[in-house]
Novice: 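This is the structure I have questions about; it appears just below.
Both backbone and side-chain heavy atoms feed into the values below; hydrogens, waters and symmetry mates do not.
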Amino acid sequence: MSDKESLDRRTFLQYGGTAAATAASVGLAGCGDGNGNGDGNGNGNGNGNDTDMDGNGNGDAQSGLRTYDGELAEDPSRSQVLQHVNGLAHEQAPWVFLHQQFSIYGLNSDIEWEARADEDIIVKEFETDLDAVTVSQGQLLETLDPVGENATPQYNIIDQAYEPILYREDDTGKPIELIATDWERTEERTVRLTLRDGVQFHNGDDLTAEDVAFSINRANDPDVSEVAGDVGDIDEARAEDGDVVIALNSVTPTLFRNLTAFGRVIQKSWVENESNDIATDINGTGPYELEEYVEGTRVSFTKNDDYWGEGGDPESVTFDGIPEDGTRLNSLLGGDSDVITNVRPNDIPTVEESDEATYADVPSIRNIFLVQNDAFEPFDSQEFRQAMNFAVDVPSIIESILSDFGNQTSQPTLPGHNGHNDDLDPYPHDPERAEALVESSGHAGVEIELHTPVGRYLRDADVAEAAASQIDRLENVSCEANRREFGNLVNELLAEQSESPAFFLIGWGNPTLDGDYAMSPWFTEGPFQHFNDEEMAELLQRARTIPE
C-alpha cells in the first residue's frame, strides 16, 4: 500500500554514516562447492569458494546462500538501522523480490499533467481547457470517510476535498506545507504545528486548531480509523494558542511523514452532528467539494470557488470505477474518460496511435513481491526462500510482460526512499543454483501454489503466472498460479499467519517513502506479519526510537 496501503483489510482495497559501519556486501555463506552439492543442512560440503564472488553475490558459484555482512555502527543513525534491516531482508529472503511498479496513466490529449511518483491524482494540477473531466480507475471506494479506508483509489478521490495537514514532495516524501505552514519537534515527544490562516470548510466555517486536533485524534482512534496504526504513536493532539500540539508516546521519527499521508482535516462540529454522515458526505477544505455520491458508481465534485489556494482548471470532476483494463482503455479512446489508471504496457502503442489520447508514466512508490509465509513448509527454509529468488527471471518478466515499465528490486525499500540500501544487488536468475538450494533445503519434489490477485496491480496475474512457470521449470519444484479475487485474497492474508496463504503476490504502496512503512507491517507483530526474524523485528523497533 499509498496500497500496510492500514493494517487491516481496507489497507489493500493500498542512507549514510561511516562507510565502514554500513558497507554491505553479499556473498556465499556456508561452504557450498559451487556446483550444487549442499548436504541438506544448508552447509554445503566444505569446499566453498567465496573468492569467486564480486562482493554482491554475482559470482559464478552455483550453490550456497547469499549473505549480508554489513555491520551496524555502535551508535547508528536511523537510516543506518533501516539500511541494515534491508540487508538482512535481502539475506533472509522473506519475499521473492520482483519489481517497482510503474504508474501508467492514459490522458485525454487536452490534459497536461505530470504523473506523480506517489500515485496521487491531484486534479488541481491538471492544465486543461476542459470544463469537466472524468477519471476512471480500477476501483471506487467503500466510504467517503478520509480515515475509513487506506488505499490509493480511496485517496485519489478524497484528496480533491479532504486536505492533509502536511503534504509531501512526490519523489522524496519530504514534508512540505499545506494546512500547517510550520512544524517542529519542541521536545523529544512533543510536536507543534502552526496552521495556515484563512482556510474555510466547504460549509463556510473557518478552520480552527480544535478541528485539526480533533482530526488527528480521530485518525488515531482504532475504533473509527483504518490508519490508527499508521498515523503515529500519538497520546493526544490538542489546540494551544491557535497552534496544535501533539503529545507522543514515543519519539515517532516518522510523524511528519505520516501526517502527509494519514492526517486529513475534518471539522469537529460537522462530524459530531448526527445529521451528517461522513461515510456518504464530505465537508473538507480542498479545491473541490462534493456534488454527488452514488455508492459503487461514481463520485462527482465541483470547483470550490472559496478555496484558500490556487484551484484547478476543470469546473467539475467525476471519478468512476472500471475494473477491466480493456474497458477502461476503450472508455478513454471513446472519450468517456479523460484520465485512466494502470494502462497495460502492451496497450501503449494503441494509445500512441490515437489522436485523442496520450499517456504519462513514472516509477511509483509501489513494490510488487511474492510473500513467502514462514509459518509453512517449505517457506520456513532460508535455502528454499533464496532458491525461489534465484528461480525467477525478473528482468525477463519486466521486459516481456511489463514492456520495461518496471525496475527490478533487491529489498523491501525502494530506491530513493529513506533507509534504502544501495549496496544490495538483485538476485540473478540462476536456476541451477536454485535447484541446489532446494536440495539443500530438504524440500526437493515439493508442490507449491502461488496465489495472485487479478487486476489490482499492473498485469499482476500475468506476472505471477510467469514467475510460477519459471519456478515450475526447476527439476525439483512444481508450482502453479491460482488467480484470486483481490478482496477474498486480502481477507485470507489478514487472518492469522498460520491461516494465511503460504505463497502470494501482493503490491505495497509506501506513501511515507520511509523504510519503516515498507518493512514494519510485514516483519513485526501485526495483521500483515508473514515472517518472523527476531533481529529484524528488534531493529525495526529500535529505528522507531531514533529521531531523524
Novice: Taking all atoms of both residues into account, what is the closest heavy-atom pair of A434 and L474, and its distance?
Specialist: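 Nearest heavy atoms, A434 then L474: CB-CD2, 3.9 Å.
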
Novice: Over all heavy atoms of both residues, which pair between H420 and Q411 is shortest? Give the atoms and the distance, please.
Specialist: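 Distance-wise, the nearest heavy atoms are CE1-NE2, 2.9 Å.
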
Novice: Minimum heavy-atom separation for I368 to L98, with atom names?
Specialist: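 Minimum heavy-atom separation between I368 and L98: O-CB, 3.1 Å.
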
Novice: Looking at every non-hydrogen atom in both residues, tell me the closest pair between I546 and P76 and how far apart they are.
Specialist: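 The answer is CD1-O, 3.9 Å.
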
Novice: Once you measure the plane-to-plane angle for H90 and F97, does it fall in the parallel (<30°), tilted (30-60°) or perpendicular (>60°) bin?
Specialist: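 Answer is parallel, since the angle falls under 30°.
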
Novice: Flag the pair D393 and R473 as a salt bridge only when some basic side-chain nitrogen lies within less than 4.0 angstrom of an acidic carboxylate oxygen.
Specialist: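 Looking at R473 together with D393, the answer is no, because their closest N to O distance does not fall below 4.0 Å.
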
Novice: What residue pairs, at least two apart or across chains, pass side-chain hydrogen bond (donor to acceptor under 3.5 Å, both in side chains) with a residue in residues 532-544?
Specialist: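 Only D374-N532, Q497-N532, D516-R544, Q529-N532 qualify under side-chain hydrogen bond (donor to acceptor under 3.5 Å, both in side chains).
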
Novice: Tell me which one of N491, V371, N373 satisfies side chain to side chain contact (heavy atoms under 4.5 Å, CB included) with S500.
Specialist: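 That would be N373.
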
Novice: Can you run down the salt bridge (charged side-chain N to carboxylate O under 4.0 Å, His left out) pairs that involve residues 483-496, sequence neighbours left out, and say none if there aren't any?
Specialist: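 Sorted result for residues 483-496: D462-R483, E465-R483, R484-E492.
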
Novice: Holding to ring pair (Phe, Tyr, Trp, His ring centres under 6.0 Å), I want the full list of residues that pass it with H530, two or more places apart in sequence or in another chain.
Specialist: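 H530: ring pair (Phe, Tyr, Trp, His ring centres under 6.0 Å) contacts with F504, W522.
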
Novice: Which one of Y427, F503, F379, F523 satisfies the ring-ring contact (aromatic ring centres under 6.0 Å, His included) criterion with W95?
Specialist: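 Running ring-ring contact (aromatic ring centres under 6.0 Å, His included) over Y427, F503, F379, F523 with W95 returns exactly one hit, F523.
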
Novice: What residue among E91, Q92, Q382 forms side chain to side chain contact (heavy atoms under 4.5 Å, CB included) with L65?
Specialist: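 The passing option is Q382.
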
Novice: Of M388, E383, H443, which is the lone residue that meets side chain to side chain contact (heavy atoms under 4.5 Å, CB included) with L437?
Specialist: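 With L437 as partner, M388, E383, H443 yield a single side chain to side chain contact (heavy atoms under 4.5 Å, CB included), made by E383.
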
